[in-house]
Amino acid sequence: MLLSVLSWWCSSLLVSVSGAGAPEEEMKMEVLHKPFICRRKSKNGDLLLLHHEAYFENGTLLLSSRTVGDKQPVWFTLGIREGIKGWDLGLRDMCAGEQRKLVIPPSLAYGEEGKGKIPPKTTLTFKIELVEIRNGPRSHESFQEMDLNDDWRLSKHEVKEYLKKEFERYGHPPNDTLNEEMANDIFTREDKNKDGFISSREFTYKHDEL
């Protein structure tokens, strides 16, 4: 859950850029493998653990989660524009263990400007394997886990205690200064009415805002 908290409260490494004023092109999606048993399908707000490979139109590999960094699958929150828009559209209703191929046009990827090694107006192909689905960082379940006294609102103490437990769970050393900074940032962003608490309404992810 620490990864989901960080993915919610930290800025995204990928930025969705669409062609301004231009009609969106269609994305092509192909199911490469679907498990026989599907207990849950992905929906907006879910936290997805996935492996992905990205290719240029000529078949050249751009990157692969299986070969870069620690070679582990990556976490992605569906439906909040954390990555490119094509992912938010193409990864819905997936089962854990399912594999898809997405051909994503520029308007649903990095648009007219491109990004890094990706030239302007580039169509990208992704091969994606969904490893796991979890409740997203703004789910009711996450809120209830943080709400220690069940009063349907989060105090700064509850948020700091949650962060402390998550750091310990994942083997990180205690860091009260960092926890305090994160809690302050959380309340600055999420305590909309500035009453010193984050209510269930302020916290919970709203699907109709997508």
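In this chain, residues are counted from 1 in sequence order. Not measured: the values here are computed from a predicted model.
Side chains of M182 and N184 form no contact here, defined as non-hydrogen atoms less than 4.5 Å apart. Looking at L91 and I128, their side chains come closer than 4.5 Å, going by heavy atoms from C-beta outward. Contact annotation: the side chain of F197 never approaches that of D191 to less than 4.5 Å [non-hydrogen atoms, C-beta and beyond]. No side-chain heavy atom of P106 sits less than 4.5 Å from a side-chain heavy atom of T122. The side-chain heavy atoms of N175 and K164, taken from C-beta on, include no pair separated by under 4.5 Å. Residues L61 and E53 have side chains in contact (heavy-atom distance under 4.5 Å, counting atoms from C-beta outward). Proximity of L49 to V74: side-chain heavy atoms (C-beta onward) are nowhere separated by under 4.5 Å. Considering only heavy atoms from C-beta on, F126 comes within 4.5 Å of W87 through its side chain.
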Checklist entry - Between S65 and H52, does a side-chain hydrogen bond (donor to acceptor under 3.5 Å, both in side chains) hold up when you go through it step by step? => result CA-CA 6 Å; S65 61; H52 64 96; 4.7 Å; no
Next on the checklist: Would E57 and V103 count as a side-chain contact (heavy atoms from CB on, under 4.5 Å) here? Give the steps.
Outcome noted: CA-CA 9 Å; E57 283 188 280; V103 180; over 6 Å; no
Checklist entry - For V159 and M146, what are the C-alpha separation, side-chain angles and deciding distance, and is it a side-chain contact (heavy atoms from CB on, under 4.5 Å)? => result CA-CA 7 Å; V159 171; M146 299 172 74; 4.2 Å; yes
Item to check | Worked check of side-chain contact (heavy atoms from CB on, under 4.5 Å) between I84 and L108 | outcome: CA-CA 6 Å; I84 59 176; L108 299 177; over 6 Å; no
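Across all their heavy atoms, R153 and N149 have their closest contact at O-OD1, 4.5 Å. The heavy-atom pair separating F56 from K117 by the smallest distance is CZ-O, 3.8 Å.
Under the 4.5 Å side-chain heavy-atom criterion for grouping Ile, Leu, Val, Met, Phe, Trp and Tyr, L63 is connected to L102 within one hydrophobic cluster. Using a 4.5 Å cut-off between side-chain heavy atoms of Ile, Leu, Val, Met, Phe, Trp and Tyr, with links allowed through other members, L148 and L154 fall into different hydrophobic clusters. Both L78 and V31 are part of a single hydrophobic cluster, where members link through side-chain heavy atoms under 4.5 Å apart.
Salt-bridge formation is not detected for the pair E26/K28: no Lys NZ or Arg NE/NH1/NH2 atom is positioned less than 4.0 Å from an Asp or Glu carboxylate oxygen. A salt bridge links R40 with D46: at least one charged nitrogen is closer than 4.0 Å to a carboxylate oxygen. Of the charged side-chain nitrogens involved, none lies within less than 4.0 Å of a carboxylate oxygen, so that K160 and E181 do not count as a salt-bridged pair. Taking the charged nitrogens against the carboxylate oxygens, K121 and E112 do have a contact shorter than 4.0 Å, which makes a salt bridge.
The distance from atom CH2 of W152 to atom CD1 of I198, rounded to the nearest 0.5 Å, is 15.0 Å. In this structure, CG on L48 lies 11.5 Å from CZ on R92, to the nearest 0.5 angstrom. Atom NZ of K43 and atom CG of D93 lie 10.5 Å apart (nearest 0.5 Å). Atom CG of residue L47 and atom CZ of residue F76 lie 10.0 Å apart, to the nearest 0.5 angstrom. With values rounded to the nearest 0.5 angstrom, N179 atom CG is found 9.0 Å from I186 atom CD1. Expressed to the nearest 0.5 Å, how far CG of L124 lies from OH of Y110 amounts to 7.0 Å.
For the pair K156 and F187, the distance from NZ or CZ to the six-membered ring centre is under 6.0 Å and the angle to the ring normal is within 45 degrees.
Without hydrogens or angle criteria, E98 side chain to C95 main chain gives a donor-acceptor distance under 3.5 Å. A distance-only check finds no donor-acceptor pair linking the side chain of E180 to the backbone of T177 [under 3.5 Å]. In this structure a side-chain-to-backbone donor-acceptor pair under 3.5 Å is present from R100 to G90. When atom types are taken as modelled, the side chain of K194 and the backbone of T188 share a donor-acceptor pair closer than 3.5 angstrom.
The residue from H33, M94, K127 that alone fulfils the side-chain contact (heavy atoms from CB on, under 4.5 Å) condition with Q99 is H33.
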